[in-house]
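Values reported hereafter were calculated over all heavy atoms of this structure, with side chains retained and with hydrogens, waters and symmetry mates removed. We count ligands from 1, going down the list as the structure has it; atoms in each ligand are counted the same way. The model shown is predicted, which means the values in this text are computed figures rather than measured ones.
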Amino acid sequence: MSELDQSARDRASDETAETARAAENGNGAETPPHRTGLPVVGSTVAASRAGPTFTERLAARGDLVSYSAFGEEIVAVFDPEVVETVLVSENDAVRKGEFEMAFGDLVAPEGIAFAEGERWRRQRTALQSAFTPEKIRGYADEMVANAATMADDWADGEAVELGDAFASLTLRILTRALFDLDFDAERGAVVREATESIGAMMDHFGLLSFLPEWVPTRTERRYDRAMADLDALVDDLMAEREMGSGEETGRDDLLSLLVAAADAEATGMDREAVRDQLVTFLFAGHETTATALTYACWLLAGNPDVRQRLDAELGDVLGDRDPDFSDVPELAYTEQVVKESLRLYPPVYALYREPTESMALEGYRVPEGTTLQLDTYSVQRDDRWWDSPDEFRPERWSSEAGASDRPEYAYFPFGGGPRHCIGMRFAMTELKLVLATLARRVEFERVTEKLEPSMGLTLDPGEVEVGVRKKE
Ligand code: HEM
């Protein structure tokens, strides 16, 4: 499609009017107001190409707004109370649904992130033991040591692309901590290529769903190759651990747990499910955290006052040593920086659910099978809950600032309810320890002045380059 066609379509999409759809159903309640989109493809083009501005435009139309995209009827949710209802109080009335599964099928359909019901519950219970506070304590040194090595290897004045740097770092930390393995560059590259090829598939998702399935696109071929390489890698990992596992090694990391769980009745995981769990953790555990670190460091680079306060805290708490796990509760301002970065740029920018039966939300009727899009990005920037919502102000998280009258689900970067992020404690510990370790060694200067995030696998910041200045 030419640039011209595209912009004409975007314009058409912008100009389409909101049609309050009074389609009544059974009990008289209306479905949420509908934003009409383009002929045939609904709002697919707008939704797949645009960054967060698309959902910001939707949010301006109400707390629940429906639109058609990706061949689905979607209801975007901008009200924290409704987010809480869907994730927490009525979580039994929803499932991940078709829209999520279309993505799940690309990645790891049998893994915990996409399982449902009793199957999901058994998997969650089995995997939870890799994320206890005691286990996280054991991973902390790995987080600090890897961050220190990365910063020590940077040359003074070097320009660093943060996305790549942090993807390698978080993948190294994850595989050391959870799999007790050193990933060499080749294995790292297999996971990165798989991640990027899935991202590329998602870019084309909306458009592909209107092409005949047999059309072989370059993107699909790239994806097929990358997933074959990933499967071979996962097979190797499992085989190596099966051969070397057992009581004699005394290992109790996530990989050993998964290998032991294969075919075990209590966990409900067959070998395919175990393969999918490994893939789930490789993805969920590194891309999200890398994205969060990228935004946090770029924000620090552009906010010298915040940086100064952070340095002051690190000086007070750590003096001239690196942090360890026992410092984590003392790094209060570091935590505020992390939370504020996750507010402005939530790596998981929306969650999707599907009612199993017609559901009443805020006086509207949401029919069974509709995709509910809980819009993390827009809710976390809504000026009803946040003063100067687009400003980076870590201080808003201090206990004095008080947030008592803000609804709890005005902030949900890790989701909520029973399916909240299983790696949340791991991620928060990693983010704080890595930031503290880096900030002791280097200052960042912005090379990339402006970010234009787009909705990819995570909230994709694009290329983010900073200059690195070594401290003394
Ligand atoms: C900043 C980093 C991270 C963010 C923002 C994040 C965000 C999220 C969110 C929002 C969900 C809920 C999805 C939903 O309800 O549909 C989730 C689920 C999940 N996350 Fe994370 N995550 C992060 C890091 C991690 C890490 C480090 C791991 C593992 C080591 C991990 C593993 C998972 C898994 C397995 C699930 C699925 C849980 C289930 O369905 O029971 N995440 N994450």
State the atoms of ligand 1, each with its element, that fall below the 4.0 Å cut-off from a heavy-atom position in Trp120.
39 (C), 40 (O), 41 (O)
Region of Ile112 that comes within reach of ligand 1 [heavy atoms, distance under 4.0 Å]:
both
Atom 19 (C) of ligand 1 [closest protein heavy-atom partner, distance rounded to 0.1 Å]
Cys421 CA, 3.8 Å
In the protein, which heavy atom is nearest to atom 13 (C) of ligand 1, and how far is it?
Leu351 CD2, 3.8 Å
With no hydrogens and no angle check, just 3.5 Å: does a side-chain donor-acceptor pair link Thr371 and Glu354?
no
Cation-pi, Trp386 ring and Arg381 (6.0 angstrom, 45 degrees)
no
Between His286 and ligand 1, which part of the residue brings a heavy atom under 4.0 Å of the ligand: side chain, backbone, both or neither?
neither
Can you name the atoms of ligand 1, numbered from 1 with element, that are less than 4.0 Å from a heavy atom of Ala427?
2 (C), 24 (C)
With atom 34 (C) of ligand 1 as the reference point, say which of Leu293, Thr458, Ile422, Leu127 has the nearest heavy atom.
Ile422
So, do Thr175 and Leu282 sit near enough that their side-chain heavy atoms are less than 4.5 Å apart?
yes
Heavy-atom nearest pair, Thr448 first then Glu465, reads OG1-N, 2.7 Å
Exam field: side chain Arg440 to backbone Ala436, donor-acceptor pair closer than 3.5 Å
no
For Glu110 and Asp276, indicate whether the former's side chain and the latter's backbone hold a donor-acceptor pair under 3.5 Å.
no
Of the protein's non-hydrogen atoms, which lies at the shortest distance from atom 24 (C) of ligand 1, and what is that distance?
Thr288 OG1, 3.4 Å
Ion pair Glu142/Arg176, N-O distance below 4.0 Å:
yes
Got the closest protein heavy atom to atom 32 (C) of ligand 1, with its distance?
Ala284 CB, 3.6 Å
Side chain, backbone, both or neither: Tyr352 near ligand 1, heavy atoms under 4.0 Å:
neither
Quick one: look at Thr376 and ligand 1, take heavy-atom pairs under 4.0 Å, and tell me if it's side chain, backbone, both or neither.
neither
Numbered atoms and elements of ligand 1 in range of Ala113, under 4.0 angstrom, heavy atoms
37 (C), 40 (O)
Do any N/O atoms on Arg124 end up under 3.5 angstrom from N/O atoms on ligand 1?
yes
Where's the contact between Pro413 and ligand 1, heavy-atom distance under 4.0 Å: side chain, backbone, both or neither?
backbone
Atom 26 (C) of ligand 1 has as its nearest protein heavy atom Gly285 CA, 3.6 Å
Closer than 4.0 Å to some heavy atom of Val348 - which atoms of ligand 1 meet that?
7 (C), 8 (C), 10 (C)
Is Phe131 close enough to touch ligand 1? Criterion: a residue heavy atom under 4.0 Å from a ligand atom.
yes
In this structure, does ligand 1 have an atom that sits under 4.0 Å from one of the heavy atoms of Leu178?
yes
Could you check whether Arg419 pairs with Glu116 (Lys NZ or Arg NE/NH1/NH2 to Asp/Glu carboxylate O, under 4.0 Å)?
yes
Atom indices of ligand 1, in the order listed, that fall short of 4.0 Å to a heavy atom of Leu174:
30 (C)
Is the contact between Glu430 and ligand 1 made by the side chain, the backbone, both, or neither, using heavy atoms and a 4.0 Å cut-off?
neither
Which residue and heavy atom of the protein sit nearest atom 4 (C) of ligand 1, plus the separation:
Phe414 CE2, 3.5 Å
Using a heavy-atom cut-off of under 4.0 Å, does the side chain or the backbone of Arg353 touch ligand 1, or both, or neither?
side chain
Under 3.5 Å, is there a donor-acceptor pair between the Ser256 and Asp253 side chains?
yes
Before accepting this row, confirm whether a basic side-chain N of the pair Glu313/Arg309 lies closer than 4.0 Å to the acidic partner's carboxylate O.
no
With a 4.0 Å cut-off on N to O distance, would you call Asp387 and Arg396 a salt bridge?
no
Is it the case that the side chain of Glu340 and the backbone of Arg393 share a donor-acceptor pair, with hydrogens and angles ignored and the cut-off at 3.5 Å?
yes
Hey, can you tell me if Trp154 and Phe444 have their rings parallel, tilted or perpendicular (30° and 60° cut-offs)?
perpendicular
Hey, does Lys96 come in under 3.5 Å of ligand 1, counting only N/O atoms on both sides?
yes
Around atom 12 (C) of ligand 1, find the nearest protein heavy atom and jot down its residue, atom name and distance.
Arg419 O, 3.8 Å
Geometry only, no angles: is His420 polar-contacting ligand 1 at N/O separations under 3.5 Å?
no
Using only atom types and a distance under 3.5 Å, with no angle test, would you say the side chain of Thr132 pairs donor to acceptor with the backbone of Gln128?
no
If we ignore hydrogens and angles and just use 3.5 Å, is the side chain of Arg307 paired with the main-chain N or O of Ala439 as donor and acceptor?
yes
Is any N or O atom of Thr280, backbone or side chain, closer than 3.5 Å to an N or O atom of ligand 1?
no
Between Glu362 and Tyr364 (side chain of the first, backbone of the second, donor and acceptor by atom type, cut-off under 3.5 Å), is there such a pair?
no
Check each heavy atom of Phe426 against ligand 1 and say whether those closer than 4.0 Å belong to the side chain, the backbone, both or neither.
side chain
